[in-house]
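Quick caveat: nothing in here was measured; it's all calculated off a predicted structure. Side chains are part of it too, since the values below use all heavy atoms of this structure and drop only hydrogens, waters and symmetry mates.
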Amino acid sequence: MFFNKKKGAPPASVSPKSFSPVEELKHKIIKTDLPEYVSTQAMNELDKLEKTDPIAAEFSIAVNYIELLLSLPWFSHTTDNLDLNRAETVLNEHHYGLPLVKERVLEFLAAKTLKKQEKARILIVDDEEVARNNLQYFFEGQGYFVQSASNGREAITRVEQSLFFDILITDLKMDEMDGLTLIENVARISPETNIIMVTGYATVSTAVDAMRKGATHYLSKPVKLDDMKQTVEDVLQKKKKLELSRGPVLCFTGPPGTGKTSIGHAVATALGRKFVRLSMAGLRDEAEIRGHRRTYVGAMPGRVISEMKRAQTMNPCFLLDEIDKVGQDFRGDPASVLLEVLDPEQNASFTDHYLEIPFDLSGVMFIATSNNMEKLPGPLLDRLEIISFPSYSMQEKLVISKRYLLPKQMAENGLTSKQPDFSENAMAKLISDYTRESGVRGLSREIGTICRKLAHLYLRNKGEIALPDIDEKMITQLLGPRKYRKEVSEGQDTVGVVTSLVWTQFGGEIMFVEALKMPGSKNLILTGSLGEVLRESAQTALSYIRSNAVSLGIAEDFYEQSDIHIHLPAGAVSKDGPSAGVAIAIAVISLLTGRPVRRNVAITGEMTLTGRILPVGGIREKLLAAGTAGVTDVLLPHKNEEDIETLSEDVTGQLHIELVDAVDDQLINKVLV
């Protein structure tokens with residue numbers, strides 16, 4: 001069989017400028033601005049690639065690896081916007097309330113601003129007075145804060161006087177203490193001070209010794225002032241860039257729907273940084289954070305490196321969402337990997353298994369969110385700066401719904417031009433009767449339901465009838481019967497049933513503690529999925545009552561032929577914590593004395609065997625829950641007085657709060673009829 005070339009077919013042309021994939025990668029490496037160690041790594045991989053058959057699987061793996069190195073933002077930074085007024089405006093526009101959270105963000109910006117405006121401090125050490133004075137005069141003219149010393153011992157004294165210096169410029173040959181000894185001492189006393197060695201006796205050995213002992217730069221005499229100025233500016237620019245980009249590791253913790261994730265986005269907007277969100281919920285494999293080694297099939301970099309590549313900047317605002325829901329199993333412990341990611345002393349050289357070389361995360365501003373801090377490991381918790389997000393009060397929910405939620409839902413459902421009137425009483429009814437939450441996520445859903453029903457009504461009437469105004473009666477027509485009732489105000493005073501206030505990861509709640517006595521043989525029965533702390537609280541309360549039966553007006557032999565059953569309703573929900581000890585004691589005292597408990601009085605606190613009442617946490621959330629449930633009087637531990645003083649009027653205004661120290665006759669008479 002013969003193949004003949006078709007007549008008239010033009011010869012295939014080969015472009016002289018076409019390169020092989022390896023050559024193209026080589027050109028990219030040369031053109032891309034990379035750190036020296038990254039460039040070395042890329043060239044080493046390229047050398048291996050040249051010896052690899054393009055058909056082999058290792059060839060494409062190596063190509064993907066080199067392209068990843070070239071795509072990472074090794075030198076790209078965004079400039080922080082340190083305008084405090086703008087930042088405050090952005091935060092106020094995005095969120096209502098949350099004063100402590102906003103204050104912390106503004107404090108961070110204020111510290112950055114002052115650090116940027118602060119004059120650099122320079123110490124000049126030289127035994128030649130003329131040279132010393134000339135350098136001092138020159139740098140003072142450049143706007144620096146400058147001090148001088150005539151020898152090494154005087155310089156050490158100035159450094160030890162707690163005067164921090166950014167740069168120390170020293171001569172080599174001096175009386176009493178030479179420059180090398182000075183460098184060694186300053187590197188030990190003040191390791192963050194950059195040292196520039198200047199000498200006319202420049203040799204390779206002295207330069208090596210100076211750099212080994214802590215000098216960052218080495219200049220030989222005669223030194224041109226322009227060269228000295230440029231060296232100082234380079235050192236200070238690098239130092240200030242690192243200090244300004246390094247941020248705190250904030251952790252926003254609080255109930256769902258209180259704005260933790262969205263305010264993290266607002267912080268990024270205020271700073272002018274790119275925003276990256278990484279959901280940690282259900283994360284179980286540590287390779288998702290640190291990446292897979294390239295020896296594995298389908299290996300990929302971790303999500304941290306992948307998101308840094310997508311952000312294309314070395315200092316984004318990185319949100320680690322739901323950090324308390326990180327899992328742990330046979331594939332590793334992702335929380336342990338986060339120790340390196342979030343530790344400012346370690347993350348400057350974070351090593352991804354796929355990348356294999358250090359990557360600097362020190363410029364990233366990390367923000368974590370969490371619902372329950374108790375689930376976080378101690379070492380990880382130690383690296384976080386906790387900022388608590390409180391539950392919203394009724395007044396705050398009214399303002400948020402009017403300013404943010406209602407306009408947003410009307411726009412999403414095409415009602416902006418229709419403008420149905422939504423009365424404040426209707427919104428208050430919607431909040432109290434149809435939602436029971438710390439945040440506003442459920443409230444937003446209910447407003448959305450109303451808006452969709454109005455849109456349906458408008459289209460069904462073909463737009464001929466104007467939309468009705470939304471009042472309290474209209475809320476019931478649109479949403480049906482109310483979902484929640486005020487359990488306290490609608491109940492009756494009952495023997496052995498106490499209204500207690502507790503805190504959960506979803507906010508404050510009321511909980512009824514029930515006690516019952518029956519014939520038996522000295523058994524204390526505890527039900528309601530109680531944890532160890534609550535069981536011990538019940539044992540403590542019973543022991544206190546038995547030891548003080550006479551003073552409490554109870555028969556001393558009440559326990560001889562009886563069993564006492566204590567129950568906390570909602571048995572399917574696990575309960576634990578040090579907030580119900582006093583309530584359990586009051587329930588048992590009410591049961592044994594036959595005196596009903598005031599339904600509208602709520603109590604919280606833990607007690608000791610001697611009857612003292614200990615302070616508890618979550619006061620704001622508990623008081624909000626009390627007001628929502630219809631409680632009028634609240635008894636709190638006296639040691640929580642400082643917590644109450646920090647609360648606003650919209651939290652405490654509708655409640656009568658009394659502080660108590662011990663379980664005694666005075667407390668009992670306030671609670672029992």
Side-chain angles (χ1 to χ4, degrees), residues 89-98 254-266 269 277 321 389-487 489-490 506-509 624-625 627-630 650-651 654:
T89 301
V90 169
L91 293 174
N92 288 333
E93 285 179 353
H94 281 71
H95 291 83
Y96 176 78
L98 303 176
T258 50
K260 300 183 294 297
T261 301
S262 57
I263 206 168
H265 193 206
T269 303
R277 177 183 175 272
D321 214 1
F389 275 57
S391 301
Y392 289 120
S393 66
M394 169 66 82
Q395 185 61 36
E396 287 173 332
K397 288 182 179 180
L398 285 172
V399 175
I400 291 170
S401 60
K402 182 178 180 181
R403 290 187 186 177
Y404 303 99
L405 305 182
L406 186 57
K408 178 182 177 182
Q409 291 292 346
M410 283 190 172
E412 289 182 357
N413 292 281
L415 298 177
T416 303
S417 59
K418 314 303 181 293
Q419 291 295 327
D421 184 40
F422 215 115
S423 71
E424 187 167 325
N425 289 337
M427 189 63 72
K429 179 179 179 65
L430 180 63
I431 294 171
S432 61
D433 292 354
Y434 293 87
T435 63
R436 185 63 58 86
E437 58 178 347
S438 299
V440 292
R441 195 169 289 155
L443 176 60
S444 179
R445 283 194 292 267
E446 295 297 336
I447 294 175
T449 300
I450 293 175
C451 289
R452 287 191 297 274
K453 289 182 179 295
L454 291 176
H456 184 208
L457 180 64
Y458 183 82
L459 290 178
R460 192 171 58 188
N461 294 325
K462 299 181 180 180
E464 298 175 356
I465 302 176
L467 291 175
D469 294 337
I470 308 301
D471 54 13
E472 296 176 77
K473 182 182 287 187
M474 195 67 183
I475 291 288
T476 305
Q477 292 179 9
L478 293 172
L479 297 180
R482 58 180 173 173
K483 298 178 181 178
Y484 302 98
R485 299 177 181 273
K486 293 192 174 183
E487 299 93 336
S489 59
E490 296 178 6
F506 303 106
E509 292 184 8
L624 289 174
T628 302
D650 58 335
V651 178
Q654 58 182 336

> State which residues pass side chain to side chain contact (heavy atoms under 4.5 Å, CB included) with Gln409; sequence neighbours excluded, sorted by chain then number.
Glu412, Asn413, Ser444, Ile447, Cys451
> Just do the side chain to side chain contact (heavy atoms under 4.5 Å, CB included) check on Ile475 and Asp433 with the steps written out, would you?
CA-CA 10 Å; Ile475 291 288; Asp433 292 354; over 6 Å; no
> Run the numbers on Leu430 and Ile470 for side chain to side chain contact (heavy atoms under 4.5 Å, CB included), then give the verdict.
CA-CA 11 Å; Leu430 180 63; Ile470 308 301; over 6 Å; no
> For Leu91 and Ala266, work out which heavy atoms get closest and say how close.
CD2-CB, 4.0 Å
> Please examine the side chains of Leu415 and Leu467, heavy atoms only from C-beta on, and report whether any two atoms are closer than 4.5 Å.
yes
> Is the shortest heavy-atom distance from the side chain of Tyr404 to the side chain of Val440 under 4.5 Å?
no
> Assess whether a salt bridge exists between Lys483 and Glu446, defined as any Lys/Arg side-chain N lying under 4.0 Å from an Asp/Glu carboxylate O.
yes
> Just verifying a value: how many Å separate Glu472 CD and Ser423 OG, rounded to the nearest 0.5 Å?
6.5 Å
> Among all residues two or more places apart in sequence or in another chain, which pass the ring pair (Phe, Tyr, Trp, His ring centres under 6.0 Å) test with Tyr392?
none
> Output the distance between atom OG1 (Thr416) and atom NZ (Lys408), rounded to the nearest 0.5 Å.
13.0 Å
> In Å and rounded to the nearest 0.5 Å, what is the CG to NZ distance from Leu478 to Lys473?
13.0 Å
> Return the CG to CD1 distance between Leu398 and Ile431, rounded to the nearest 0.5 Å.
4.0 Å
> Could you check whether Ser262 and His94, counting side-chain N and O atoms only, form a donor-acceptor pair closer than 3.5 Å?
no
> Can you name the residues that form a ring pair (Phe, Tyr, Trp, His ring centres under 6.0 Å) with His265, not counting sequence neighbours?
Phe275
> Any side-chain heavy atom of Asp471 sitting closer than 4.5 Å to one from Asn425?
no
> Could you go step by step and tell me if Thr628 and Tyr484 meet the side chain to side chain contact (heavy atoms under 4.5 Å, CB included) rule?
CA-CA 10 Å; Thr628 302; Tyr484 302 98; over 6 Å; no
> OG of Ser391 to CG of Leu624: how many Å apart, nearest 0.5 Å?
6.0 Å
> Do Leu454 and Met410 come close enough that some side-chain heavy atom pair is under 4.5 Å?
no
> Mind listing the closest non-hydrogen atom pair of Pro255 and Ser438 along with its distance?
CB-CB, 3.4 Å
> Looking at Leu443 and Ser401, what are the two nearest heavy atoms and their distance?
CD2-CB, 4.0 Å
> Looking only at heavy atoms, which two atoms of Gly439 and Lys397 are closest? And how far apart?
O-CE, 3.4 Å
> Verify side chain to side chain contact (heavy atoms under 4.5 Å, CB included) between Gln477 and Met474, making sure each step is shown before the conclusion.
CA-CA 5 Å; Gln477 292 179 9; Met474 195 67 183; 3.5 Å; yes
> What pair of heavy atoms forms the shortest contact from Pro390 to Thr258, and how long is it?
O-CG2, 3.7 Å
